[in-house]
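All remarks here apply to the structure that follows.
To find a chain, count down the sequence lines: A is the first, B the second, and so on, and within it residues start at 1. For the numbers below, each heavy atom of this structure counts, side chains included, while hydrogens, waters and symmetry mates do not.
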Amino acid sequence: MADYDWQRIEAKWQKAWEEQGLFRADDRDASREKFYLLEMLPYPSGTLHMGHMRNYTIGDAVARYRWMCGYNVLHPMGWDAFGLPAENAAIKNGTHPRDWTNGNISEFRRVLRRFGFSYDWRREISTCEPEYYCWNQWFFLRMLEKGIAFRKKSKVNWCPECQTVLANEQVIDGFCWRHETTPAEIRELDQWFLRITQYADELLNDMAQLEAGWPERVLAMQRNWIGKSRGARVRFDVADAPGLSLEVFTTRVDTIYGVSAVLISADHPRIDEILVGSGRDASDPQLKSMRLKSIRAADIATAEKEGFFTGRFAMNPFSGERAPIWVANFVLAEYGTGAVMCVPAHDQRDFEFAQKYGLPVKVVVQPASGPALDAGQMPEAYTEYGRLVASGAYSGLAFEQAIEKMALAAQAGGFGKSEITFRLKDWGISRQRYWGTPIPVVYCEKDGIVGVPDDQLPVRLPDRVALTGQGRSPLAGVAEFVNTQCPKCGGKARRETDTMDTFVDSSWYFYRYTDPHNSSAPFQKEIAAYWFPIDQYVGGITHAILHLLYSRFFCKVMRDLGLVRHSEPIARLFTQGMVQKGGVAMSKSRGNVVGAIEMAEKYGCDTGRLYTLFAAPPDKDLEWNEQGIEGAARFLNRVYRLVDKHAGRLRGLPAALEAKIHLSECTAKEGRLLRKAHQTLQRVTNDFNQRWHFNSSIALVMELVNEMSAMEPLEADCSSAILKHLLGVLVAMLSPMTPHIAEELWEMLGNTGGLARGKWPAFREELTREEQVEIIVQVNGRLRGRVLVAETLAEVETRERVLADPHIAPLVSGKQIVKVIVVPRKLVNIVVKEK
RNA sequence: GCCGGAGUGGCGGAAUGGCAGACGCGGCGGACUCAAAAUCCGCUGGCCGCAAGGCCGUGUGGGUUCGACUCCCUCCUCCGGCACCA
């Protein structure tokens with residue numbers, strides 16, 4: 001008897017699948033249903049550990065299950081190949097980002113192949129290749145034409161020591177990642193943005209389509225991120241300054257008679273005009289410090305309220321009162337209008353500000369019930385809704401009517417209107433980096449900003465560039481790149497030297513997989529229409545907001561460009577949990593990784609896959625445990641031995657799965673095993689289709705194996721045909737999870753044609769049913785016994801059998817039976833009370 | 001503060017309103033062996049009991065129900081996201 005030689009088996013089947021092209025998706029197969037299964041595009045960095053592998057193992061199990069069920073499956077893989085780490089490595093070690101990246105890609109590809117994942121490798125893409133990023137540029141140009149791509153000034157982090165722009169992740173606690181004592185500064189640069197806010201409402205509303213297939217928490221996070229808020233915009237004219245006014249955004253226009261001041265952000269666009277005559281200007285130290293702080297995110301929430309009076313007053317258009325204009329550090333320039341009305345009685349922040357600076361507190365809303373508010377006695381702001389008081393003509397109104405009427409009055413008076421605001425900001429895509437997609441525009445002295453014509457794409461990234469980590473964009477130092485001709489007038493022009501955010505690459509890559517080698521378009525519409533939407537996307541929760549939101553946005557733009565007809569690219573999303581060791585996520589920097597290749601070499605990839613799926617439900621975090629792997633390895637050994645022991649006798653028999661079997665002709669042992677096998681099959685099938693509780697599926701298969709082992713010698717009362725069927729079902733169920741050993745055992749059993757495609761066995765309902773079932777007997781809801789009855793026994797008879805049972809009868813006698821609940825085939829509960 | 005998620009043996013976890021702790025890990029005992037490893041078998045939530053059996057038990061307190069780990073409400077703890085968002 002040979003041992004389970006996973007080394008040989010895994011190599012053998014990986015080679016066979018590759019040679020047969022078994023997992024190639026067919027773009028035009030109308031005879032089978034399509035299934036697009038996608039795992040999130042990996043960033044190839046360093047070595048792959050088991051934390052990465054969990055994502056692919058889950059995806060592969062589902063893909064293989066669908067293959068076995070006869071679907072036409074698209075299961076592709078590629079590389080998110082642009083990005084900062086490659087550039088950092090270049091600065092540190094002098095390697096070219098392309099070499100560093102391609103080296104990592106080779107390693108990733110090797111590991112994924114070693115695990116035998118069912119990818120259609122013909123569709124592999126790498127986003128750093130011109131054949132790919134060409135289409136990033138093409139999309140950018142379409143967006144430029146539609147006004148979705150535009151330029152505006154924006155803040156960046158700047159390290160004065162490096163003389164360079166820092167990405168957010170290069171700023172650590174406010175300091176440069178390479179100079180721990182140099183605080184990052186804020187600079188303003190002209191940058192490119194994509195107008196995602198144009199789709200804000202649609203991005204929010206279309207989530208209704210996703211509710212069935214996306215995790216609720218991801219939708220909640222996106223909703224939160226988009227942050228829709230209904231309110232009103234109201235104009236306050238600045239006193240003694242004709243033509244100068246401030247607009248505020250408020251969700252509580254009903255409190256406008258309680259305004260004590262108008263507060264503006266230190267970064268308000270009209271602050272210079274407001275400060276005229278105040279003795280302060282833009283160089284004021286207090287103003288400067290407030291501006292600097294505005295980007296330091298961490299301690300904002302706890303920061304002390306701070307501000308100063310500008311010397312100016314604003315006219316409240318409702319009450320006609322003069323309100324002082326203050327600059328306040330808690331007013332955000334980026335949200336709403338950058339100015340707010342300060343109503344201390346009804347907003348907690350305003351209350352704290354008013355306390356500190358002695359601004360008056362005016363109560364204009366009284367609670368519907370309870371004691372009336374007294375401005376002098378309030379410990380905190382009253383932020384609930386109520387009935388208006390001291391609000392001129394609006395006094396006495398409930399807040400709903402007040403908000404509506406006041407917005408209408410503002411509109412009629414020409415000083416405001418109701419408005420909806422979003423927290424979502426436009427997407428800044430400019431990066432002052434080398435290793436990314438060049439933004440395809442040129443700057444011409446005569447024609448200004450000119451998009452590069454489509455026939456000149458791609459704008460290639462030059463290979464020779466000095467990466468020193470200093471200066472603005474590295475491309476700016478490459479003369480032959482920068483200097484070019486204007487496509488319009490042929491005159492001298494300079495190329496844009498910023499590159500795109502890598503989230504652009506990953507916002508549409510899944511379309512490219514449908515037609516990866518197309519050189520005249522990002523993809524052919526008809527092919528994408530066949531495969532989309534993605535039936536199942538699998539990835540980490542870390543991408544819950546940005547990647548998924550940008551992808552949804554891109555889809556809508558593509559729809560408006562006529563490339564696709566759908567509005568949402570991803571029908572179902574699954575977010576798997578992290579793999580931890582020692583209670584924290586596996587990561588190189590923590591030094592707690594279990595290398596994927598090391599794992600495969602020590603135990604075999606099937607064992608690694610099995611353990612990954614068995615140790616925890618896929619959506620929960622998984623604690624890696626070496627002894628658990630040993631358990632998984634032990635189980636596969638047992639399965640191997642079980643099949644190996646009987647394979648010799650069974651090899652010559654006809655096909656295993658379709659065997660015609662009738663329980664009435666079976667021995668007791670055969671019946672028991674057949675029932676167990678088909679009950680297991682039923683639940684495993686259900687788990688694959690709906691619940692994805694692979695850990696439970698595996699436990700059930702283990703039970704089946706235990707039961708078969710316990711009945712050895714199986715040949716004694718089990719016909720060869722039935723045994724072959726049983727082992728065939730067992731092996732088939734394991735195939736999506738541990739495909740190599742399953743395929744080997746399938747072959748050992750004498751089956752031909754392979755197991756991986758079209759061989760998922762249908763469970764037979766009639767084989768899952770028990771002849772006799774154990775009925776749980778409860779008295780007043782407490783377990784008091786069990787009774788074996790025929791599966792078909794009617795409710796009345798069941799009830800009688802139970803009441804007559806020698807264990808139960810004494811518990812019931814002498815008492816009044818109030819009620820008997822009978823759940824057929826499961827349980828009887830007798831409700832009694834003392835007479 | 002707001003929004004999500006979780007809380008079950010020594011551990012990972014199972015149980016889609018119906019036997020709480022399946023399955024695995026670990027532990028204990030045994031078989032095989034000169035011995036060990038591997039493998040196989042048995043036991044393994046707590047308390048009471050010689051036993052049959054009984055009682056308690058799914059973070060807390062309440063509710064719905066014949067029946068609650070499961071549904072509803074309160075509170076506690078932990079994890080994640082967002083956060084002077086006007």
Side-chain angles (χ1 to χ4, degrees), chain A residues 3 215-225 227-229 231-232 248-253 255 263 265 297 300-305 328-332 334-343 346-350 352-353 383 421-425 541-542 544-545 577-578 583 610-611 614-617 619-632 634-635 637-638 641 683 686 690-691 693 695-706 709-710 712 774-786 818-823 825-832:
Chain A
D3 279 342
E216 174 52 39
R217 66 173 170 155
V218 173
L219 296 176
M221 281 158 84
Q222 293 212 355
R223 241 178 245 120
N224 197 307
W225 190 260
K228 183 173 184 169
S229 157
V248 301
F249 174 74
T250 179
T251 55
R252 292 299 302 271
V253 70
T255 65
L263 310 179
S265 159
I300 272 178
T302 51
E304 173 86 358
K305 303 269 178 297
N329 65 343
F330 63 93
V331 180
L332 305 177
E334 309 83 43
Y335 184 79
T337 59
V340 301
M341 55 190 214
C342 176
V343 185
H346 304 295
D347 181 286
Q348 186 57 25
R349 293 156 301 180
D350 296 345
E352 287 165 24
F353 192 74
T383 57
T421 303
F422 292 90
R423 203 195 81 103
L424 181 69
K425 286 177 215 152
I541 187 74
T542 38
I545 299 175
M578 283 182 310
L610 184 73
Y611 175 71
F614 178 62
D619 56 322
K620 299 276 165 46
D621 288 348
L622 181 160
E623 176 67 28
W624 194 263
N625 174 352
E626 198 70 15
Q627 283 159 338
I629 315 241
E630 306 267 2
R634 248 193 314 264
F635 171 70
N637 268 300
R638 293 184 64 196
R641 283 197 308 270
R683 290 191 50 189
N686 185 39
Q690 290 164 26
R691 296 204 314 163
H693 286 197
N695 55 331
S696 299
S697 299
I698 294 166
L700 289 163
V701 175
M702 286 174 169
E703 282 186 44
L704 176 63
V705 172
N706 290 347
S709 302
E712 293 279 17
E774 198 177 55
I775 300 281
I776 304 308
V777 184
Q778 298 179 333
V779 176
N780 288 344
R782 301 179 69 91
L783 178 68
R784 290 296 181 229
R786 301 136 209 270
V818 179
K819 198 182 203 182
V820 179
I821 286 110
V822 181
V823 181
R825 288 188 294 278
K826 271 195 177 159
L827 161 145
V828 173
N829 186 13
I830 307 157
V831 185
V832 296

Separation of atom [atom1] in [X] from atom [atom2] in [N], rounded to whole Å:
{"X": "A:Leu219", "N": "B:G5", "atom1": "CG", "atom2": "P", "result": "12 Å"}
{"X": "A:Glu626", "N": "B:C11", "atom1": "CD", "atom2": "C1'", "result": "16 Å"}
{"X": "A:Trp624", "N": "B:G12", "atom1": "CH2", "atom2": "P", "result": "17 Å"}
{"X": "A:Arg782", "N": "B:C56", "atom1": "CZ", "atom2": "P", "result": "5 Å"}
{"X": "A:Glu712", "N": "B:U39", "atom1": "CD", "atom2": "P", "result": "17 Å"}
{"X": "A:Phe330", "N": "B:C85", "atom1": "CZ", "atom2": "P", "result": "9 Å"}
{"X": "A:Gln348", "N": "B:A86", "atom1": "CD", "atom2": "C1'", "result": "14 Å"}
{"X": "A:Ile629", "N": "B:C25", "atom1": "CD1", "atom2": "P", "result": "12 Å"}

[X] side-chain N/O to [N] phosphate OP1/OP2 under 4.0 Å:
{"X": "A:Arg349", "N": "B:C85", "result": "yes"}
{"X": "A:His693", "N": "B:A15", "result": "yes"}
{"X": "A:Arg423", "N": "B:A83", "result": "yes"}

From the options [options], select the nucleotide whose nearest atom is closest to the side chain of [X].
{"X": "A:Val831", "options": "B:C66, B:G54, B:C56", "result": "B:C66"}
{"X": "A:Arg691", "options": "B:C84, B:U39, B:U16", "result": "B:U16"}
{"X": "A:Pro617", "options": "B:G13, B:G81, B:G54", "result": "B:G13"}
{"X": "A:Leu332", "options": "B:C56, B:A86, B:A83", "result": "B:A86"}

Closest approach of [X] and [Y], non-hydrogen atoms and distance?
{"X": "A:Ala616", "Y": "A:Asp621", "value": "CB-O, 3.8 Å"}
{"X": "A:Gln222", "Y": "A:Ile545", "value": "NE2-O, 3.8 Å"}
{"X": "A:Arg252", "Y": "A:Thr383", "value": "NH1-O, 3.0 Å"}
{"X": "A:Asn224", "Y": "A:Arg423", "value": "O-NE, 3.6 Å"}
{"X": "A:Ser709", "Y": "A:Arg638", "value": "OG-NH2, 3.4 Å"}

When the [atom1] atoms of [M] and [N] are compared, how many Å lie between them, rounded to an integer?
{"N": "B:G9", "M": "B:G45", "atom1": "P", "answer": "13 Å"}
{"N": "B:C40", "M": "B:G17", "atom1": "C1'", "answer": "41 Å"}
{"N": "B:C28", "M": "B:C76", "atom1": "P", "answer": "42 Å"}
{"N": "B:G4", "M": "B:C56", "atom1": "P", "answer": "37 Å"}
{"N": "B:C75", "M": "B:G80", "atom1": "P", "answer": "23 Å"}
{"N": "B:G54", "M": "B:U16", "atom1": "P", "answer": "26 Å"}
{"N": "B:G81", "M": "B:G10", "atom1": "P", "answer": "31 Å"}
{"N": "B:U74", "M": "B:G24", "atom1": "C1'", "answer": "37 Å"}

Among A:Val822, A:Val820, A:Asn780, A:Val818, side chain to side chain contact (heavy atoms under 4.5 Å, CB included) partner for A:Ile830
A:Val820
Both A:Asp621 and A:Gly338 contact RNA chain B. Which one's nearest nucleotide lies toward the 5' end?
A:Asp621
Closer to the 5' end of RNA chain B via nearest nucleotide, is it A:Thr337 or A:Ala710?
A:Ala710
Would A:Lys305 pass as a cation-pi partner of A:Phe330, given that its NZ or CZ must be under 6.0 Å from the six-membered ring centre and within 45 degrees of the axis?
yes
Can you give one letter per nucleotide of nucleotides 18-24 of chain B, going 5' to 3': B for a protein heavy atom under 4.0 Å from the base, S for sugar-phosphate only, - for none?
BB--BBS
Go ahead and name the base partner of [N]; Watson-Crick or wobble counts if both distances stay under 3.5 Å, otherwise write none.
{"N": "B:C55", "result": "B:G46"}
{"N": "B:G4", "result": "B:C79"}
{"N": "B:A31", "result": "B:U39"}
{"N": "B:C25", "result": "B:G10"}
{"N": "B:G18", "result": "B:C66"}

Please tell me if the side chains of A:Tyr611 and A:Leu622 come closer than 4.5 Å, counting only heavy atoms from C-beta onward.
yes
Would you say A:Asp350 and A:Leu263 make side-chain contact, with heavy atoms under 4.5 Å?
yes
So what does [X] hit on the nucleic acid, given a heavy-atom distance under 4.0 Å: a base, only sugar-phosphate, or nothing?
{"X": "A:Asp619", "value": "nothing"}
{"X": "A:Val331", "value": "base"}
{"X": "A:Arg825", "value": "nothing"}

Decide, for B:G9, between syn and anti: a glycosidic angle within 90° of 0 counts as syn, anything else as anti.
syn
Show the numbers, then the answer: is there a side chain to side chain contact (heavy atoms under 4.5 Å, CB included) between A:Val340 and A:Arg349?
CA-CA 11 Å; A:Val340 301; A:Arg349 293 156 301 180; over 6 Å; no
